[in-house]
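Written below as structure tokens is the structure these notes are about.
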Amino acid sequence: MRAEATQLKIYDSLAGDKRNFVPLKEGFVGFYVCGPTVYSNVHLGNCRTFISFDMVCRYLRHLGYKVRYVRNITDVGHLVDDADQGEDKIAKKARLEQLEPMEIVQQYSLDFHHVMAQFNALPPNIEPTATGHIIEQIEMIQAIIDNGFAYESNGSVYFDVEKYNESHPYGALSGRKIEDLMSNTRTLDGQDEKRAPLDFALWKNAAPEHIMKWPSPWGVGFPGWHLECSAMSTKYLGEEFDIHGGGMDLKFPHHECEIAQGTASNGKSPVKYWMHGNMLTLNGQKMSKSTGNSILPGELFSGNNKFMEKPFSPMVVRFFMMQAHYRSTLDFTSEALMAAEKGHDKLMEAMKTLQDLKPAGESTIDVPGLIGQFYKAMNDDFNAPVLVAQLFEAVKFINGVRDGKQTISKDDMEALQIAMQNFVVEILGLETTVEGGEDKLAPVMDLVLELRQQARENKDWDTSDKIRDGLAAAGIVVKDSKDGSTWS
RNA sequence: GGUCCUGUGGCCGAGGGGCUUAGGCACUGGUCUGCAAAACCAGUUACAGCGGUUCGAAUCCGCUCGGGACCUCCA
């Protein structure tokens with residue numbers, strides 16, 4: 001473990017405050033994140049949440065924790081309308097496209113994995129699916145029934161919220177009172193199976209035409225959406241685990257229900273630290289599939305969309321996200337992305353420069369102190385934007401050394417090289433090498449630049465500018481300096 | 001309607017009672033350059049409005065106005 005690990009503070013949504021992070025088991029972290037429902041292409045807002053928690057996981061590992069990162073795939077049980085009414089999302093899509101539900105699941109799971117790889121998000125250690133854990137869910141339902149917190153009705157099973165609330169506060173995570181919830185609940189049709197409107201489904205009976213269904217002690221049916229996360233987190237991380245992450249919009253009711261289910265089945269509140277990432281907006285409006293104010297990652301990378309002036313690479317988008325705190329909303333605009341692109345390129349350029357620096361004498365700044373600032377930023381509830389600000393302090397210094405205006409000692413240079421690699425590449429997850437096929441291009445470019453240099457020495461500006469302009473048209477930028485020309 | 005969050009300079013975004021002129025982008029001037037780009041140096045623009053608490057508020061409290069989230073599917 002790194003010494004800095006003891007300084008980590010995490011904002012816990014349930015406590016409503018930053019708390020020192022102390023894992024349940026020293027050296028280990030159990031980490032669960034609510035994954036996507038794979039009934040359509042993953043959109044950019046979803047991606048932000050997963051990228052935020054990817055950064056969290058990377059930092060925990062950097063500190064020396066052995067992290068078991070579990071992120072589920074929801075492939076059944078998530079209904080399109082009211083939580084206990086309406087059609088299963090996967091089944092609806094399958095019906096519309098005349099496909100097997102599992103074809104839908106496969107198609108969008110592959111898309112999800114592809115996009116996450118483009119964003120350089122590490123895969124979780126375990127990625128369980130709801131349909132793969134029907135037995136575990138049935139067992140948990142039975143335990144909740146046995147403990148008196150759920151009842152069967154017409155082949156379905158519902159969680160008895162009022163009964164639960166007598167002994168445990170329901171609504172603590174989202175700051176709600178059960179009286180307010182009851183007075184605000186709409187009365188919907190077809191809820192006569194439930195004793196009270198607040199009750200939520202643990203198991204739903206399935207009509208004969210329903211495609212995705214399994215036998216259970218209560219008849220043929222399918223599990224309720226909230227249950228899978230409880231069942232799978234318990235199976236892989238235990239009845240109590242360290243960190244649970246997800247989007248803000250899942251706080252209520254989804255995570256509230258998870259707390260209730262965990263507590264009702266084994267008597268323990270399941271999660272030590274609740275973390276919630278904030279939403280993404282597009283031109284100031286919430287990104288939402290239903291309103292059309294939404295952009296797919298692929299559309300952003302290709303430029304094939306009506307919101308952005310140009311395409312942006314996955315790493316630029318990731319860098320842009322890292323410039324905002326995960327608990328703040330972040331607005332996607334063309335202008336903001338273009339600014340981020342320049343900043344990203346500047347940082348990456350400095351990463352290369354750092355490798356070729358010539359150490360000499362004493363350092364003109366306090367390098368260990370600067371590296372300490374990196375840790376200080378991340379230890380303050382994963383404050384990546386402050387980290388980025390500190391990284392740019394390093395960039396300024398690196399460029400100063402390169403230009404001979406500052407100096408760096410050998411020890412400091414090696415320490416800075418390691419630290420920058422750690423924070424930029426390992427923790428923020430920004431890849432420094434993305435181009436392929438550079439092997440053959442490099443010697444060609446050496447030749448081209450040599451020819452141009454000859455032209456410049458002969459003051460043949462027409463030729464040298466022609467070469468530069470021609471390369472620019474091909475997307476290669478030539479930069480001249482005293483020591484010769486470079487390209488990128 | 002209920003609960004909660006939020007409003008920072010041209011833009012994005014940290015911070016959060018008295019030394020951060022945070023940082024990035026943009027802009028202006030300068031250095032360098034054959035010119036340019038890149039680098040570097042310097043500089044400009046700020047805490048929605050009104051009232052209150054305080055020796056002192058962008059930072060706390062109240063109200064007003066604006067934005068948003070959840071309360072129904074969404075990360």
Side-chain angles (χ1 to χ4, degrees), chain A residues 16 33-37 39-40 42-53 78-87 89 171 174-177 179-181 183-186 188 225 245-254 256 276-281 284-290 294 319-320 323-325 327-347 349-350 353 377 380 383-393 395-396 398-400 402-406 456 459-461 464-465 468-469 472 477-482 485-486 488:
Chain A
V33 173
C34 288
T37 303
Y39 69 108
S40 65
V42 63
H43 77 71
L44 199 58
N46 301 106
C47 294
R48 185 193 182 195
T49 298
F50 301 129
I51 290 169
S52 292
F53 289 115
H78 204 162
L79 307 181
V80 288
D81 296 310
D82 178 81
D84 311 306
Q85 272 290 105
E87 204 170 358
K89 281 186 172 180
S174 53
R176 278 157 229 267
K177 294 193 180 87
E179 307 84 62
D180 297 337
L181 287 169
S183 64
N184 276 312
T185 305
R186 296 179 308 168
L188 295 157
W225 170 44
M248 288 265 190
D249 48 351
L250 295 185
K251 240 179 168 180
F252 189 91
H254 185 60
E256 207 72 72
H276 289 95
N278 216 320
M279 302 291 103
L280 205 61
T281 56
Q285 298 288 117
K286 184 193 177 190
M287 200 173 288
S288 164
K289 287 177 206 172
S290 54
S294 151
F319 174 78
F320 177 61
Q323 277 192 300
H325 189 85
R327 282 192 287 116
S328 299
T329 54
L330 175 63
D331 191 32
F332 260 69
T333 62
S334 205
E335 199 180 2
L337 264 298
M338 284 195 273
E341 183 169 53
K342 292 210 172 187
H344 167 270
D345 292 350
K346 185 175 176 179
L347 177 62
E349 196 60 35
T353 304
D380 184 16
N383 200 327
V386 169
L387 168 64
V388 171
Q390 296 298 336
L391 292 173
F392 276 105
E393 295 297 330
V395 169
K396 199 172 179 177
I398 290 165
N399 289 332
R402 178 202 56 196
D403 293 345
K405 291 173 179 169
Q406 308 241 46
R456 293 181 73 207
K459 297 200 188 298
D460 180 1
W461 309 126
S464 72
D465 287 355
R468 186 174 67 197
D469 295 346
V477 181
V478 175
K479 295 174 203 164
D480 297 333
S481 72
K482 284 176 183 170
S485 302
T486 58
S488 59

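Proteins get letters first, then strands, A, B, ... in listed order; numbering begins at 1 in each.
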Measure distances between side-chain N and O atoms of Arg468(A) and base N and O atoms of rC35(B), and say whether any donor-acceptor pair falls under 3.5 Å. yes
Do Asp480(A) and rA37(B) have a side chain to base donor-acceptor pair shorter than 3.5 Å? no
For [N], the Watson-Crick or wobble counterpart (both distances under 3.5 Å):
N       : answer
rC40(B) : rG30(B)
rU45(B) : none
rC60(B) : rG52(B)

Looking only at heavy atoms, what is the nearest atom pair of Phe252(A) and Ser174(A), with distance? CD1-OG, 3.3 Å
Would you classify Asn278(A) as touching base, sugar-phosphate or nothing, given that sugar-phosphate means primed atoms plus P, OP1 and OP2, and contacts are heavy atoms under 4.0 Å? base
How is Ser464(A) classified with respect to the nucleic acid when contacts are heavy atoms under 4.0 Å: base, sugar-phosphate, or nothing? base
Respond yes when some side-chain nitrogen or oxygen of [X] is under 4.0 Å from OP1 or OP2 of [N], and no when none is.
X         : N       : answer
Lys251(A) : rC4(B)  : no
Asn399(A) : rC40(B) : yes
Ser328(A) : rA14(B) : yes
Lys177(A) : rU3(B)  : no

Carboxylate-amine/guanidinium proximity below 4.0 Å for Asp345(A) and Lys342(A): no
